[in-house]
S.K.: 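Can you read through this structure? Questions will come right after.
FYI, the numbering just counts along the sequence from 1. A quick note: this is a predicted structure, and the numbers were derived from the prediction, not measured.
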Amino acid sequence: MNDAQHWTGRLRQFKRFDELRRSNFYQTVHSQLRTLLDTPQRFAQSNCRPRIQTFTRVVFWNIERGLRLAQLLRALQEHPVLQHADLLLINEADAGMRRTDDLHITKELARELDMHAVFGAEYLELTNQPLARAPVESEVTLPLHGNAILSRYPLGKTRVVSLPSCFEFFDYEREKRYGRRMALLVDVHTPQGPLTVVTAHLEVVGTPACRARQMKAIMESLSTVSNPVILAGDFNTNTYKRGTLWRSLSALAHLATVRRDSLRCRLTHVEPFEPLFEVLAEYGFAWRDLNDYKPTIQYSLVDLEDASFLGGSFKALCLYCLAVEKRVLKMRLDWMTGRKVLPLQSGERRDPSSGQASTTATTLTDVKASDHFPIVADVVLNPDALSQPLKRPTGEEFRSFRV
């Protein structure tokens with residue numbers, strides 16, 4: 001076992017991050033850990049060729065760690081829409097995790113799909129067992145989890161942006177981690193011109209205000225970027241405050257008692273409850289024509305992670321009293337946004353080289369290789385746009401979403 005792999009055992013010995021931060025061990029390895037998390041990994045392929053020349057098909061997908069890799073690959077290679085995507089933005093990609101057979105999921109996808117790829121680590125996972133075997137020709141020396149961008153276009157500059165903290169996962173024994181949420185930014189060279197592509201996984205155990213702060217950090221990192229930009233990710237727009245016992249109780253009580261039609265509207269038309277959309281609009285990003293507002297995930301209320309804060313018999317009593325077993329939450333957590341891009345409608349443009357017709361932005365609910373559905377949009381670049389090229393809700397529309 002090398003020195004890097006030894007870190008995981010030492011890190012697990014500390015109960016809380018404050019204790020770790022005061023230790024001599026942390027002072028010794030802090031800079032190395034920071035380098036590990038801030039250095040993207042790149043994988044180049046020799047047979048990369050765009051499938052579509054006259055517009056860009058972008059897919060975002062939270063792939064649930066890559067637990068069902070064979071199904072993911074089959075969908076991405078055979079689905080009539082997904083197989084022609086030249087940009088694939090990924091959240092929740094494992095690298096060197098026992099639960100995903102110690103594979104570097106991003107590298108596997110890149111090789112099988114003939115796509116260039118960049119992987120950025122969010123966390124060093126500390127609840128994962130050590131590697132079952134030494135990785136072969138792999139950059140994996142530690143169990144990592146993060147975000148990725150795959151492209152059939154040539155890759156340019158790549159950078160990682162650390163996001164403000166909403167919740168300290170190092171102190172969370174159920175899924176102990178060292179790291180932070182991050183955004184991965186990659187410049188790609190499309191036939192239409194340069195495009196900056198960004199993916200980010202915002203905090204689920206936090207508040208809408210904290211997710212807005214995380215979005216603000218992403219926007220500030222893009223403030224000097226003149227290229228058209230596509231940003232997509234699991235923004236975790238659940239609309240509730242989470243992360244403490246009181247917040248969890250309040251959220252569960254509301255979820256269990258609110259009218260079903262009101263709840264359905266709130267969990268898909270989330271803008272009035274998630275100020276991150278105001279941040280996006282402030283920086284010239286919009287999203288209405290890049291999303292269809294269908295749910296991208298569904299949970300049984302009894303399975304929600306918040307219930308873990310209740311603990312033991314108290315949890316059972318609360319869930320029984322709230323009669324949550326029949327409540328299924330259908331949520332729009334995954335979003336695509338853009339600046340200086342124009343979304344296409346179905347059949348608006350046909351690519352002569354591939355014969356592919358453009359499709360309206362959609363959620364592919366027929367694809368079940370993850371707990372999230374993939375979302376897709378076809379766009380053309382509009383680098384000369386001086387103002388937001390996409391529609392966003394007006395103040396009156398925002399108010400009409402309220403329930």
S.K.: Only one of L381, T337, V198 clears side-chain contact (heavy atoms from CB on, under 4.5 Å) with V229; which?
M.R.: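 Checked L381, T337, V198 against V229; only one passes side-chain contact (heavy atoms from CB on, under 4.5 Å): V198.
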S.K.: Side chains of L144 and L36: closer than 4.5 Å at any heavy-atom pair?
M.R.: yes
S.K.: So E122 and R177, salt bridge (Lys or Arg N to Asp or Glu O under 4.0 Å) or not? Walk me through it.
M.R.: CA-CA 9 Å; E122 276 191 321; R177 305 167 172 176; 5.5 Å; no
S.K.: Does a donor on one side chain and an acceptor on the other come within less than 3.5 Å for E92 and H372?
M.R.: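 No - no donor-acceptor pair under 3.5 Å links their side chains.
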S.K.: Show the nearest heavy-atom pair for residues A148 and T199, with the distance to one decimal.
M.R.: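 Shortest heavy-atom contact: O-CG2, 3.7 Å.
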S.K.: Parallel, tilted or perpendicular: which one describes the rings of F167 and Y172, with boundaries at 30° and 60°?
M.R.: perpendicular
S.K.: So, using ring pair (Phe, Tyr, Trp, His ring centres under 6.0 Å) as the criterion, who are the partners of Y123 when residues are at least two apart?
M.R.: F169
S.K.: Tell me, do E125 and R65 make a side-chain contact under 4.5 Å, heavy atoms counted?
M.R.: no
S.K.: For the residue pair T158 / R42, report whether a side-chain donor-acceptor contact shorter than 3.5 Å exists.
M.R.: yes
S.K.: If only side-chain N and O atoms count, and only distance matters, is there a donor-acceptor pair under 3.5 Å linking W287 with E271?
M.R.: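 Note: E271 and W287 side chains meet the donor-acceptor criterion.
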S.K.: Given side-chain contact (heavy atoms from CB on, under 4.5 Å), test T360 with Q345 step by step and report yes or no.
M.R.: CA-CA 4 Å; T360 303; Q345 302 300 310; 3.4 Å; yes
S.K.: Between T359 and D378, do the side chains contain a donor N or O and an acceptor N or O under 3.5 Å apart?
M.R.: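 Absent: no donor and acceptor within the cut-off.
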S.K.: Taking the side chain as every heavy atom from C-beta outward, state whether L69 and L109 have any atom pair closer than 4.5 Å.
M.R.: yes
S.K.: Kindly compute the distance separating CD (E348) from CZ (F55), expressed to the nearest 0.5 Å.
M.R.: 10.0 Å
S.K.: Starting at CG of L113, measure out to CD of E108 and round the result to the nearest 0.5 Å.
M.R.: 10.5 Å
S.K.: Is there side-chain contact between T207 and C166, with heavy atoms separated by less than 4.5 Å?
M.R.: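 Of all side-chain heavy-atom pairs linking C166 with T207, none is under 4.5 Å.
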S.K.: Does the side chain of Y283 reach to within under 4.5 Å of the side chain of L222, using non-hydrogen atoms?
M.R.: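 No; the side chains remain at least 4.5 Å from each other.
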S.K.: Would you kindly say whether T100 and D94 are connected by a side-chain donor-acceptor distance under 3.5 Å?
M.R.: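 Present: a donor and an acceptor within the cut-off.
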S.K.: Identify the two heavy atoms, one from R21 and one from D18, that lie closest to each other, and give their separation to 0.1 Å.
M.R.: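 It is NH2-OD1, 2.6 Å.
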S.K.: Given the rule in the salt bridge (Lys or Arg N to Asp or Glu O under 4.0 Å) test, do R68 and D371 qualify, once you have shown the distances and angles that lead to the verdict?
M.R.: CA-CA 10 Å; R68 288 171 274 182; D371 59 347; 5.6 Å; no
S.K.: Any cation-pi pair here, R266 with F273, using under 6.0 Å and within 45°?
M.R.: yes
S.K.: Find the distance between CG (N291) and OG1 (T363) and round it off to the nearest 0.5 Å.
M.R.: 7.0 Å
S.K.: Determine whether a donor-acceptor pair (N or O, by modelled atom type, separation under 3.5 Å) exists between the side chain of D171 and the backbone of F17.
M.R.: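 Checked: pair present.
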S.K.: Please verify the inter-ring angle class for H269 with Y293; under 30° counts as parallel, over 60° as perpendicular, anything in between as tilted.
M.R.: parallel
S.K.: Are P143 and L124 packed together at the side-chain level, in the sense that at least one heavy-atom pair is separated by less than 4.5 angstrom?
M.R.: yes
S.K.: Between R211 (side chain only) and E274 (backbone N and O only), is there a donor and an acceptor less than 3.5 Å apart?
M.R.: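 Flag not set: sc R211 to bb E274 has no pair under 3.5 Å.
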S.K.: Nearest 0.5 Å, please: how far is OG1 in T8 from NZ in K176?
M.R.: 12.5 Å
S.K.: Please check if any side-chain donor atom of T56 sits under 3.5 Å from a side-chain acceptor atom of D86, or the reverse.
M.R.: no
